[in-house]
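See below for the structure under consideration.
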Amino acid sequence: MSIRTSLRDYACTAVALLTVLSSTGTAFSQRENNIDVWMAAPSDLTLAVTQVAPDLTVTQVAPTDSALTSTEQGATPLDESFDFRQWQLEKRRQALKDTKFELNLRTFYFDRSDFNSSEKQAWAIGGWLGVKTGYFLDHVAFGATVYTSNPIYAPDDRDGTTLLAPGQNGYTVLGEFYAELRIIKDLGITVGAKGYDTPFINRNDTRMTPNTFEAIVLQGRTKLGTSSSDATVTTDGGIGLSKDGKEVAVPTPTPTEDVPAIKYGLGYFYAIKERNDSEFVSMAQDAGADVQHGVWSAGALYEKGKFNIGAIEYYCEDVINIAYAQTGFELPLATDWRLRFAGQYVDQGSVGDNLLQGHSFSGHQFGVKVELPIRKALFTAAFTQAWGTANLQNPWSGYPGYTSVQVQDFNRAGESAFLFRVGYDFPWVDGLSAYALAVFGTDPDSATQYRQNEFDFNLQWGPKKGVLEGLSLRLRYAVVQQFGGNVDNLTDFRAICNYVIKF
């Protein structure tokens with residue numbers, strides 16, 4: 001069932017205001033002196049990431065899931081949720097002059113053979129077109145994005161890929177419509193429908209189009225000191241590739257002086273448009289409860305240099321409460337050898353009237369991860385352990401666990417998992433990288449569930465310069481073994497092509 005919310009009314013008001021501002025021309029031109037411009041970055045703990053071109057201040061997810069990062073596609077670690085980009089110092093004469101567009105063309109082939117030998121298969125084409133204005137009166141900007149996915153090859157008896165709407169049907173939807181208000185330097189509010197990235201509310205951009213959310217979000221960043229870099233702030237212009245090869249803005253690095261900072265966010269998320277849906281539904285309804293409730297979320301992250309620690313909370317009345325904490329640091333071993341350590345903890349439980357499952361439940365998981373980058377290679381090992389009366393859940397996101405990979409999340413109650421991963425960035429071919437990983441699970445508590453292992457292989461090419469800049473090609477293959485239940489191995493093959501055009 002679709003819903004209409006006051007946030008949509010706000011969006012209509014924003015469009016009307018944009019029209020008025022457009023007609024006034026010079027009257028609402030920007031000041032000629034340098035000003036601060038708020039740029040929302042991919043998530044570390046914060047709640048703001050969007051869709052338009054990076055140089056527009058509209059960003060995508062950080063370039064995770066390449067060969068040189070062990071973050072799985074669709075997952076958002078805590079240290080990338082409050083990655084709040086600074087209000088950059090720019091000269092803006094007129095907001096409309098600064099309006100930019102981004103066209104992301106995507107085609108995706110998906111073919112999965114499940115444990116019972118049933119097939120899910122489709123080939124789709126689509127993507128999105130986004131627009132982001134400059135800042136009117138130095139403080140207000142608007143954005144919107146239209147998404148579409150259409151079948152090329154989609155047999156009726158092989159539905160379920162989530163590349164398309166149910167029934168192998170295409171869809172087109174206005175998935176983003178929002179206004180951004182810069183209050184002061186490093187503090188802003190976003191109102192409307194937009195893509196966000198936090199551990200348990202995120203875009204989960206692993207199919208044709210991402211999740212987006214109707215929400216009101218405040219986020220900010222406070223430095224606990226000063227550095228020489230504060231005198232002149234410039235746009236880093238860093239560009240990376242998202243998990244499906246989309247061009248994205250790279251988070252602004254921590255200053256070399258290692259000035260500590262706290263990044264924080266507070267938001268109310270009322271509705272979600274799932275990846276392959278054309279309507280917004282309430283967050284509670286999307287989770288599986290028959291009630292129109294939203295989700296309150298608040299979190300903070302402290303970071304200094306290569307050290308970070310933070311937590312974020314999600315509360316949906318009468319449905320579920322999710323708490324997530326994460327920390328990470330780096331230990332130099334030699335000039336080119338620096339061990340990176342990370343830890344995480346998840347706590348979930350029913351609240352209020354227990355409308356999600358009709359009874360109380362709880363679930364927990366902790367994880368540790370060690371990474372060793374050596375020149376063009378990255379070696380990763382991780383371990384997770386889940387326990388409780390129910391499996392861990394992630395109704396509004398990809399799962400952020402360290403052993404969550406292409407197919408399985410390894411987050412069932414009583415399940416332990418060990419991950420080993422090797423990635424390599426080929427230096428002789430611009431933008432070519434590959435990785436392979438293995439996850440070995442244990443038996444979960446439920447007598448009807450069985451031990452599983454997963455093996456993934458990934459090859460990706462995304463030229464960073466030349467005439468093919470903006471193109472990304474990616475091949476992914478996974479095999480899942482199950483030890484019990486008299487089933488076949490699950491196989492999962494994906495081929496993705498993205499091409500980004502900015503104008």
Side-chain angles (χ1 to χ4, degrees), residues 65 67 70-75 108-124 153-164 168 204 206-208 243-244 275-276 365 367 369 379-386 391-394 398-424 433-460 473-496:
D65 205 41
S70 60
T71 302
E72 177 58 26
Q73 179 181 17
F108 199 129
Y109 176 76
F110 184 104
D111 187 1
R112 175 181 293 181
S113 177
D114 283 323
F115 292 120
N116 60 5
S117 297
S118 63
E119 294 288 331
K120 297 176 181 178
Q121 186 181 32
W123 181 16
Y153 174 72
D156 292 338
D157 60 346
R158 298 183 180 182
D159 196 7
T161 64
T162 63
L163 295 182
L164 300 161
Q168 301 282 50
N204 194 19
T206 60
R207 294 296 190 270
M208 284 295 295
K243 298 173 181 181
D244 276 327
R275 294 174 297 179
N276 64 327
Q365 186 180 57
K369 181 171 68 172
F379 300 90
T380 305
F383 169 78
T384 57
Q385 171 68 58
N391 298 338
L392 279 296
Q393 304 174 58
N394 53 299
Y399 191 73
Y402 294 148
T403 56
S404 174
V405 286
Q406 182 171 327
V407 178
Q408 303 294 60
D409 291 325
F410 293 93
N411 60 356
R412 298 174 293 177
E415 185 174 34
S416 300
F418 301 84
L419 174 144
F420 302 96
R421 183 184 186 278
V422 178
Y424 189 72
S433 64
Y435 70 78
L437 65 82
V439 182
F440 302 95
T442 64
D443 287 313
D445 290 339
S446 174
T448 61
Q449 298 177 337
Y450 304 97
R451 179 170 68 92
Q452 296 177 344
N453 297 333
E454 179 168 339
F455 306 91
D456 295 356
F457 309 91
N458 182 94
L459 180 66
Q460 182 166 326
L473 303 175
R474 187 175 188 187
L475 300 176
R476 308 191 74 191
Y477 184 72
V479 177
V480 183
Q481 300 173 329
Q482 179 167 293
F483 299 89
N486 191 28
V487 297
D488 297 326
N489 288 344
L490 181 153
T491 61
D492 183 287
F493 174 74
R494 309 176 189 185
I496 309 105

Going by the rule side-chain contact (heavy atoms from CB on, under 4.5 Å), which residues pair with [X] if we only count those two or more places apart in sequence or in a different chain?
| X | value |
| --- | --- |
| Ala495 | Tyr109, Leu475, Phe493 |
| Leu437 | Val405, Arg421, Tyr435, Val439, Asp456 |
| Ala386 | Gln365, Leu392 |

What closest approach, in Å, do [X] and [Y] show between heavy atoms, and which atom pair accounts for it?
| X | Y | answer |
| --- | --- | --- |
| Pro444 | Gln449 | CG-CB, 3.5 Å |
| Ala417 | Phe410 | CB-CB, 3.8 Å |
| Asn204 | Gly398 | CG-N, 3.5 Å |
| Phe457 | Ala436 | CD2-CB, 3.9 Å |

Any donor-acceptor pair under 3.5 Å from [X] side chain to [Y] backbone:
| X | Y | value |
| --- | --- | --- |
| Arg158 | Asp111 | no |
| Asp114 | Asn116 | no |
| Thr442 | Ser416 | yes |

Item to complete: Sequence neighbours left out, what passes salt bridge (charged side-chain N to carboxylate O under 4.0 Å, His left out) with Glu454? Give chain and number order.
Response: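 None.
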Under the side-chain hydrogen bond (donor to acceptor under 3.5 Å, both in side chains) test, residues paired with [X] that sit two or more places apart:
| X | answer |
| --- | --- |
| Asp156 | none |
| Asn394 | none |
| Gln168 | none |
| Asp492 | Arg112, Gln406, Arg494 |

Worksheet item: Could you state the interatomic distance from CZ (Phe383) to NZ (Lys369), rounded to the nearest 0.5 Å?
Response: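 Those atoms lie 15.5 Å apart.
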Fill in: Distance (rounded to the nearest 0.5 Å) between Asn453 CG and Gln482 CD
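Reported to 0.5 Å precision, the distance equals 10.5 Å.
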Discussion item. Side chains of Thr162 and Phe110, heavy atoms from C-beta outward: is any pair under 4.5 Å?
Written reply: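 Result no, sub-4.5 Å side-chain heavy-atom pair not found.
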Worksheet item: Tell me, do Leu419 and Thr380 make a side-chain contact under 4.5 Å, heavy atoms counted?
Response: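 Yes, at least one pair of side-chain atoms sits under 4.5 Å.
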Acceptor/donor pairs from residues 483-490 side chains to any protein atom, 3.5 angstrom cut, sequence neighbours excluded:
unit_1	atom_1	unit_2	atom_2	d
Asp488	OD2	Ser117	OG	2.6

Worksheet item: Met208 pairs by side-chain contact (heavy atoms from CB on, under 4.5 Å) with which of Leu163, Asn276, Leu164?
Response: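 So, applying the side-chain contact (heavy atoms from CB on, under 4.5 Å) to Met208 and each of Leu163, Asn276, Leu164, only Leu163 qualifies.
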Discussion item. According to ring-ring contact (aromatic ring centres under 6.0 Å, His included), who are the partners of Phe455, at least two apart in sequence or on a separate chain?
Written reply: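 By the ring-ring contact (aromatic ring centres under 6.0 Å, His included) rule, Phe455 matches Phe440.
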Item to complete: Could you list all the salt bridge (charged side-chain N to carboxylate O under 4.0 Å, His left out) pairs where at least one residue sits in residues 401-420, not counting sequence neighbours?
Response: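 Every salt bridge (charged side-chain N to carboxylate O under 4.0 Å, His left out) pair that includes a residue of residues 401-420, provided the two are not neighbours, is Arg412-Glu415.
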Worksheet item: With sequence neighbours left out, which residue pairs that include part of residues 439-453 fulfil the salt bridge (charged side-chain N to carboxylate O under 4.0 Å, His left out) condition?
Response: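 For residues 439-453: none.
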